[in-house]
Amino acid sequence: MQARWQRLSRTTRVILLGITSAAIAAIPVPFSAAASAATKAAPTGPTVITTREGPFGNMLIVGSGKFAGYTLYLLTSDHGSSSVCTATIIKTLPGGPGSCSGPPADPKAEWPAITTNGRPVAGAGVDQALLGTVDRPGIGDQVTYAGHLLYLFDEGPGMLTGEGWDEPTLPPWHGVWWLVSPSGAPLAWPEMLTTTDIGGKAALAAMMFTGIGWEPFPVYSYTKDTATSSACSGACAAAWPPLITAGRSALVGDVASTKLSTLERADGTLQLVYGGKPLYLFGSEGIAPKGMTYVATGSGNGAKVAGGTFDLVSP
């Protein structure tokens, strides 16, 4: 798992995470821990999936083998066994040729899959009925939980550096990476809302983590929603990830706290609502160069989906 560190150092990632909340800053980060997962071997038997308490609640981790103690992640753009996060080598990635996923020992994979040799086993706090596998080309039998494909990211056990990465088009994984709760739902952090300039107008945005650091990504509303319910689920939510949160969200700039609320989605996650509008990110958000960096373009504005429209949100 070396490709991503060509874009951002491990130390920088942890420092930036520390800015998000005091809880994150308290995460133990064993820089001198075991060698990177890229040097580890594939499983020789059934993989155990277990849990541990983290800064945002109880989360899934690997419970056996060479990757014991490694944090597990899901990708919002995965839908059932369908995923754009494959072992296919892409030559145009910012850090050079590489793939989104691959076997656990693949040094070119940004998010290696956690695989198993045999039926995965539930450890403490894990529901055996939610565990499964998908045989994936170039990867092997990848472990799933509640239908979510499970991935590795960190350089050692006990680390938590993959939370909240937004990778819509650069690299093109078209989604957000979250921790996984024992219920199988994404486990989010407290969001940070701000504003960004889209075509000369202020638009509500969420600060998300990328390979070049924190960037404001515009958020969208969906015309079929109400203030208390979301009409975007399944394939819609895979393409338009709900902006979920844990705890009290930070507000930066011209964002009104009186307009902010949440609704509980069917999976138990809390989706942010602003001015009566549930909020979403766009899984294929356009990215454009600006000076020495890149900015999101608001390319999802006006998109028609299943009889409704996704629109930028005014602060």
Side-chain angles (χ1 to χ4, degrees), residues 75-79 84 164-170 172-178 185-186 188-210 214-246 249-267 269-288 290 294-315:
L75 176 61
T76 58
S77 62
D78 285 351
H79 185 55
V84 298
W165 280 72
D166 193 355
E167 298 183 317
T169 49
L170 189 69
W173 314 147
H174 301 299
V176 182
W177 296 90
W178 294 121
W189 57 18
E191 287 293 346
M192 183 185 301
L193 291 181
T194 184
T195 60
T196 190
D197 182 271
I198 301 293
K201 295 182 179 180
L204 192 67
M207 294 299 295
M208 303 298 292
F209 204 80
T210 74
W214 293 104
E215 293 293 331
F217 279 78
V219 295
Y220 300 84
S221 63
Y222 186 42
T223 56
K224 293 181 70 174
D225 287 352
T226 70
T228 57
S229 66
S230 166
C232 182
S233 60
C236 176
W240 297 85
L243 187 64
I244 58 175
T245 188
S249 298
L251 306 180
V252 179
D254 190 22
V255 181
S257 61
T258 55
K259 294 184 178 181
L260 191 64
S261 61
T262 59
L263 67 82
E264 184 173 349
R265 294 182 59 83
D267 61 3
T269 57
L270 294 179
Q271 183 175 2
L272 280 174
V273 178
Y274 191 79
K277 300 175 180 180
L279 301 179
Y280 302 84
L281 295 161
F282 182 29
S284 296
E285 182 65 58
I287 303 293
K290 183 178 181 180
Y294 289 84
V295 294
T297 64
S299 59
N301 192 37
K304 308 293 185 182
V305 178
T309 305
F310 281 92
D311 296 310
L312 292 169
V313 179
S314 171

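No close placement of the F310 and F282 rings is indicated, their centers lying 6.0 Å or farther apart.
A donor-acceptor contact closer than 3.5 angstrom is absent between the side chains of T309 and D311.
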Walk me through whether T297 and E285 qualify under side-chain contact (heavy atoms from CB on, under 4.5 Å). CA-CA 7 Å; T297 64; E285 182 65 58; 3.9 Å; yes
From CA spacing to verdict: side-chain contact (heavy atoms from CB on, under 4.5 Å), V176, M208: CA-CA 9 Å; V176 182; M208 303 298 292; 3.8 Å; yes
Apply side-chain contact (heavy atoms from CB on, under 4.5 Å) to L270 and E264, showing your working. CA-CA 5 Å; L270 294 179; E264 184 173 349; 4.1 Å; yes
Can I244 and W178 be said to form a side-chain contact (heavy atoms from CB on, under 4.5 Å), step by step? CA-CA 10 Å; I244 58 175; W178 294 121; 3.9 Å; yes
Please evaluate residues Y220 and W240 with respect to the criterion ring-ring contact (aromatic ring centres under 6.0 Å, His included), reporting the C-alpha separation (whole Å), side-chain torsions for both, the decisive distance (0.1 Å), and the verdict. CA-CA 9 Å; Y220 300 84; W240 297 85; 5.4 Å; yes
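Taking CD of E215 as the reference point, atom CD1 of I287 lies at 8.0 Å (rounded to 0.5 Å). Atoms CG and CD1, on N301 and I198 in that order, are 8.5 Å from each other to the nearest 0.5 Å.
A tilted orientation is assigned to the rings of W189 and W214, their planes being inclined by 30° to 60°.
Annotation for P242 and R265: closest pair CG-CZ, 3.4 Å, computed over non-hydrogen atoms.
Taking the side chain as every heavy atom from C-beta outward, L272 and V219 never approach each other to under 4.5 Å. You'll find the side chain of P278 reaches within 4.5 Å of the side chain of L263, heavy atoms only. Side-chain contact between P186 and T76 is absent, with no heavy-atom pair separated by less than 4.5 Å.
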